[in-house]
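I have placed the structure first, in the form of structure tokens, so that the comments after it can refer back to it.
Keep in mind that what you see is a predicted model, and the values were worked out from it rather than measured. Scope of the values below: all heavy atoms of this structure, side chains included, with no hydrogens, waters or symmetry mates. Proteins get letters first, then strands, A, B, ... in listed order; numbering begins at 1 in each.
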Amino acid sequence: MTSRNLDRMFFERDPRKVAPALLGTLLIHGRTAGRIIETEAYLADCDPAAHAYRGRTKRTEVLFGPPGHAYVYRTRQHCCLNVAVQPPGTPGCVLIRSLLPVVGVPVMRRRRGGVPDTHLTDGPAKLCQAMAIGMDQYGVDLCAGGSLRIVAGDGGSAPMRTTPRIGITRAKEWPLRYVSMPD
DNA sequence: CTTACGATTCCC
DNA sequence: GGAATCGTAAGG
């Protein structure tokens with residue numbers, strides 16, 4: 001049973017393609033892992049809600065590089081994980097919003113301060129806290145086979161629905177949030 | 001240097 | 001509904 005690490009070609013596509021394709025895959029960091037069940041696409045061009053919309057800065061730098069690298073950003077006192085997609089110079093990305101805990105649940109509980117298991121990784125900053133993903137992971141290559149990586153899911157495409165993106169003030173109607181349907 | 005502002009979370 | 005709380009980005 002050899003799990004397939006997602007390769008760079010997987011991430012080289014449009015975020016609207018990558019975001020739904022990421023549903024059902026396994027995000028791994030160290031001894032923890034979780035199945036991705038919610039993502040959002042942020043477009044490279046003319047997406048006023050995207051961090052890269054106002055151009056290249058120190059913070060958004062990795063979005064302009066090659067696909068498959070981690071874009072970690074800070075909001076308030078939390079960190080969130082994105083994956084840079086599309087070819088260099090095209091700053092599309094996908095935000096990982098929620099996952100199902102699979103491996104390392106005890107350590108996740110500890111890091112999350114003993115909240116109920118249902119709230120371990122059900123938010124973009126919560127999953128980062130549970131999996132110890134922070135600014136140290138900024139720019140990490142997810143295709144390099146390091147401790148932070150994403151491997152393909154078991155079966156084919158799972159049922160999914162789209163909704164507007166959460167927590168943004170611009171382009172709030174765009175249906176770029178992808179959510180796995182419960183079994 | 002100063003100001004404005006969050007791709008959130010948690011509590012009331 | 002509202003506060004916490006701090007780095008980033010932009011402007012003087």
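Side-chain contact, Arg111(A) with Gln129(A): no donor N or O sits under 3.5 Å from an acceptor N or O.
Atom CG in Leu120(A) sits about 13 Å away from atom P in dT9(B), given to the nearest Å. In this entry the distance linking CZ of Arg74(A) with P of dT8(C) reads 8 Å, nearest Å. Atom pair Gln129(A):CD and dC10(B):C1' shows a separation of 11 Å (rounding to whole Å applied). Put simply, CH2 on Trp174(A) is 14 Å from C1' on dA7(B), counting in whole angstrom units. In this structure, CE of Met135(A) is placed 13 Å from C1' of dC6(C), rounded to the nearest angstrom. When the C1' atom of dG6(B) is taken as reference, atom NE2 of His78(A) falls 12 Å away, rounded to whole Å. Atom OH in Tyr73(A) sits about 15 Å away from atom C1' in dC6(C), given to the nearest Å. Straight-line distance from the CZ atom of Arg56(A) to the P atom of dA10(C): 14 Å, rounded to whole Å.
The partner of dA7(B) cannot be assigned: no Watson-Crick or G-U wobble pair with both contacts below 3.5 Å exists in any strand. Taking a pair to require two hydrogen-bonding distances under 3.5 Å in either a Watson-Crick or a G-U wobble arrangement, dT5(C) remains unpaired.
Between Thr60(A) and Tyr71(A) there is a side-chain heavy-atom pair separated by less than 4.5 Å.
When each of dT5(C), dT9(B), dA7(B) is scored by its nearest atom to the side-chain atoms of Pro124(A), the top-ranked nucleotide is dT9(B).
If Thr169(A) and Lys126(A) are placed on DNA chain B by their nearest nucleotide, the residue sitting closer to the 5' end is Thr169(A). When the nearest nucleotides of DNA chain B are assigned to Arg170(A) and Gly123(A) by heavy-atom distance, the more 5′-ward of the two goes with Arg170(A). Across the interface with DNA chain C, nearest-nucleotide mapping of Thr60(A) and Thr75(A) shows Thr75(A) to be the residue nearer the 5′ end.
Note: Leu81(A) CG to Leu95(A) CG = 8.0 Å, rounded to the nearest 0.5 Å. Between the CZ atom of Arg35(A) and the CG atom of Leu26(A) there is a distance of 5.0 Å, given to the nearest 0.5 Å.
Residue Cys93(A) is in base contact, counting any heavy-atom pair closer than 4.0 Å across all strands shown. The residue Leu95(A) sits close to a base: some heavy atom pair falls under 4.0 Å. Within the nucleic acid shown, Arg112(A) comes within 4.0 Å of sugar-phosphate atoms alone, with no base atom in reach, counting heavy atoms only. Within 4.0 Å (heavy atoms only), Ala125(A) reaches sugar-phosphate atoms of the nucleic acid but no base atom.
Here Tyr42(A) packs flat against the base of dA7(B); its ring centre is closer than 5.5 angstrom to the base's six-membered ring, tilted by less than 30 degrees.
Not one side-chain nitrogen or oxygen of Arg59(A) sits closer than 4.0 Å to the OP1 or OP2 atom of dC5(B). Look at Arg54(A) and you won't find any side-chain N or O under 4.0 angstrom from OP1 or OP2 of dA10(C).
The one candidate from Arg161(A), Glu40(A), Arg16(A), Arg97(A) that meets the side chain to side chain contact (heavy atoms under 4.5 Å, CB included) condition with Tyr178(A) is Arg16(A). No option in Arg165(A), Arg170(A), Arg54(A) other than Arg165(A) meets the salt bridge (charged side-chain N to carboxylate O under 4.0 Å, His left out) test with Asp47(A).
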